[in-house]
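Written out below as structure tokens is the structure these notes cover.
Atoms within a ligand are numbered from 1 in the order they appear, just like the ligands themselves. For the numbers below, each heavy atom of this structure counts, side chains included, while hydrogens, waters and symmetry mates do not.
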Amino acid sequence: AAKAAGKGRHHFYQTHLSDTLVLRVSKEQALRNAIERDEFVLHYQPRVDTYTGQLRSAEALVRWNHPERGLVSPGEFIEVAEHTGLIVPLGEMIIEKACKQIAEWKRRRIPVVPISVNVSALQFNKGNVRSILASCLNRYAVEPSLIGVELTESCMIKDDDTVPHELEALRKLGVKLLIDDFGTGYSSLAQLQELDVDILKIDQAFTRRICDGKEGKAFFNAIVSMADALDICIVAEGVETIEQLHLLQILSCEEVQGNLISKAVPPNEMASLMSKQYLFPQYA
Ligand code: C2E
Ligand code: MG
Ligand code: MG
Ligand code: MG
């Protein structure tokens, strides 16, 4: 009986392991097919002035428009895309889609605000982000100042000159540089100033903490006062409540983004928000 059970277990593990591999390979294949079939769309989340609610910019966030499952969020496929290197071609498509969308809005006389695009570490290091950007901006006749590039701190940790060089080249192209999810990695504000970053987006984990007590507020206070001296704009991500908004006003955080103001919306809704310009709900 023991032998049978052992055998059974062995069999179980084998199945389990190969299932995982099969799953991984099939996810990769599905993603590859989706890229070929162009099943990705961009939604846009507004970023506004903390005091007036005036629209300042919007962030392009990718969704997989899956033929059976509908809109699939990036949490379910960006990691696979990174592991398999598929983020490079996918990232190229995303940059192109954002530029194309800006051109379309402009054609319709929509008052377009700058759109920022997320670029993952692998894409930044392996992909040709700069030349893709340059060619898309040119092809769709979009001003470089209408594009921002959101990079995480994990892009900055390479210990040579390539990162500062690449950032400098992007800046020369005329696009804005943003640091995403700030506070979760290890870069210092001094480093970021040297890299001439325009905007720091504070990770939503810290936004949640500002209502918890003194420490949460102290963190924001410190960042805001240093960033102010360094002429870097601070954005709080993931603002969900009116209490958070009010505290961020008191803490002099310049801009906010989050579901309280608007979740990410499809292009047509974003066009309406751009025309509307002031986005605070009545009660703010
Ligand atoms: P992120 O760049 O930090 O984007 C912010 C995420 O927070 C978005 O999730 C957004 O929908 C969500 N969010 C915004 N406001 C709130 C809020 O008030 N509460 C909560 N709970 N969440 C909020 P999303 O769209 O699912 O994207 C998740 C992550 O996937 C992004 O984090 C980014 O790292 C990655 N991602 C999204 N689009 C792209 C892309 O085009 N390229 C790359 N490389 N990564 C992307
Ligand atoms: Mg982002
Ligand atoms: Mg973020
Ligand atoms: Mg500045």
>> Around atom NZ of Lys100, are there more than 12 heavy atoms from other residues, nucleotides or ligands closer than 6.0 Å?
In response: no
> What do you think, any protein heavy atom under 4.0 angstrom from atom 38 (N) of ligand 1?
Replying inline: yes
> Knowing that exactly one of Arg69, His66, Lys27 qualifies, which makes a side-chain contact (heavy atoms from CB on, under 4.5 Å) with Glu76?
Replying inline: Arg69
> Looking only at non-hydrogen atoms, which of Arg63, His43, Glu79 approaches atom 25 (O) of ligand 1 most closely?
Replying inline: Arg63
> Stepwise, does the salt bridge (charged side-chain N to carboxylate O under 4.0 Å, His left out) test hold for Arg108 with Glu104?
Replying inline: CA-CA 6 Å; Arg108 286 164 50 198; Glu104 201 233 318; 3.2 Å; yes
> Side chains of Thr50 and Glu254: is there a donor and an acceptor less than 3.5 Å apart?
Replying inline: no
> What protein heavy atom sits nearest atom 13 (N) of ligand 1, and how far away is it?
Replying inline: Gln204 OE1, 3.9 Å
> Counting from 1, what ligand 1 atoms have a heavy atom of Asp180 closer than 4.0 Å?
Replying inline: 1 (P), 2 (O), 3 (O)
>> I need the nearest protein heavy-atom contact for atom 18 (O) of ligand 1: residue, atom name and distance, please.
In response: Asn259 N, 2.8 Å
>> Show me which atoms of ligand 1 lie under 4.0 Å from any heavy atom of Ser120.
In response: 44 (N)
> Under 3.5 Å, N or O to N or O, is Ser73 touching ligand 1 that way?
Replying inline: no
> Going by an N to O cut-off under 4.0 Å, is there a salt bridge joining Glu59 and Arg47?
Replying inline: no
> Distance from Thr184 atom OG1 to Phe206 atom CZ, nearest 0.5 Å?
Replying inline: 7.0 Å
> Got the closest protein heavy atom to atom 15 (N) of ligand 1, with its distance?
Replying inline: Gln45 NE2, 3.0 Å
> Taking Leu151 as the fixed residue, which of Asn118, Leu167, Val129 is the one that meets the side-chain contact (heavy atoms from CB on, under 4.5 Å) rule?
Replying inline: Leu167
>> I'd like to know whether Phe40 forms a ring pair (Phe, Tyr, Trp, His ring centres under 6.0 Å) with Phe77, so could you lay out the CA-CA distance, the side-chain angles of the two residues, the decisive distance to 0.1 Å, and finally the verdict.
In response: CA-CA 11 Å; Phe40 296 90; Phe77 60 85; 5.5 Å; yes
> Do other residues, nucleotides or ligands put more than 12 heavy atoms under 6.0 Å from Gln277 CD?
Replying inline: yes
>> For the Mg ion (ligand 3), which protein N/O/S atoms fall under 2.8 Å? Skip waters.
In response: Asp180 OD1, Asp181 OD1, Glu237 OE1, Glu237 OE2
>> Hydrogens and angles aside, do Ser131 and Asn128 bring a side-chain donor and acceptor to less than 3.5 Å of each other?
In response: yes
>> Among all the protein's non-hydrogen atoms, which is closest to atom 41 (O) of ligand 1, and how far away is it?
In response: Ile94 CD1, 3.2 Å
>> Need the ligand 1 atom indices (1-based, order shown) with element for anything under 4.0 Å from a heavy-atom of Gly258.
In response: 15 (N), 18 (O)
>> Do the side chains of Glu36 and Arg32 get close enough for a salt bridge, i.e. N-O under 4.0 angstrom?
In response: no
>> Heavy atom to atom 43 (C) of ligand 1, shortest distance: which of Thr152, Asn118, Val256 holds it?
In response: Asn118
>> Test of geometry: compute the angle OE2(Glu59)-the Mg ion (ligand 2)-OD1(Asn118) and round it to 10°.
In response: 90°
>> Using side chain to side chain contact (heavy atoms under 4.5 Å, CB included), reason through His43 and Val265 one step at a time and then give a plain yes or no.
In response: CA-CA 5 Å; His43 282 194; Val265 295; 6.0 Å; no
> For ligand 1, which atoms, with element, lie under 4.0 Å from some heavy atom of Val62?
Replying inline: 38 (N), 39 (C), 40 (C), 41 (O)
>> Tell me the protein heavy atom at minimum distance from atom 19 (N) of ligand 1, and give that distance in Å.
In response: Glu240 OE2, 2.6 Å
> Below 4.0 Å from any atom of ligand 1, is there a heavy atom belonging to Glu59?
Replying inline: yes
> What atoms of ligand 1 come within less than 4.0 Å of a heavy atom belonging to Val239?
Replying inline: 18 (O)
>> Give me the nearest non-hydrogen protein atom to atom 31 (C) of ligand 1 as residue plus atom name, then the distance to 0.1 Å.
In response: Leu61 CD2, 4.4 Å
> If you measure from the Lys or Arg side-chain nitrogens to the Asp or Glu carboxylate oxygens, is any gap between Asp203 and Arg208 under 4.0 Å?
Replying inline: no
> Got more than 12 heavy atoms from elsewhere within 6.0 Å of CD, Glu143?
Replying inline: yes
> Of the protein's non-hydrogen atoms, which lies at the shortest distance from atom 5 (C) of ligand 1, and what is that distance?
Replying inline: Glu237 OE1, 4.0 Å
> When you measure from atom 36 (N) of ligand 1 to every protein heavy atom, which one gives the shortest distance, and what is it?
Replying inline: Pro74 CB, 4.0 Å
> Does some non-hydrogen atom of Gly238 fall short of 4.0 Å from ligand 1?
Replying inline: yes
>> If we check side chain to side chain donor-acceptor pair (under 3.5 Å) with Ser116, which of these qualifies: Gln45, Glu150, Lys176, Lys201?
In response: Glu150
>> Side chains of Tyr140 and Glu96 only: does a donor on one sit below 3.5 Å from an acceptor on the other?
In response: yes
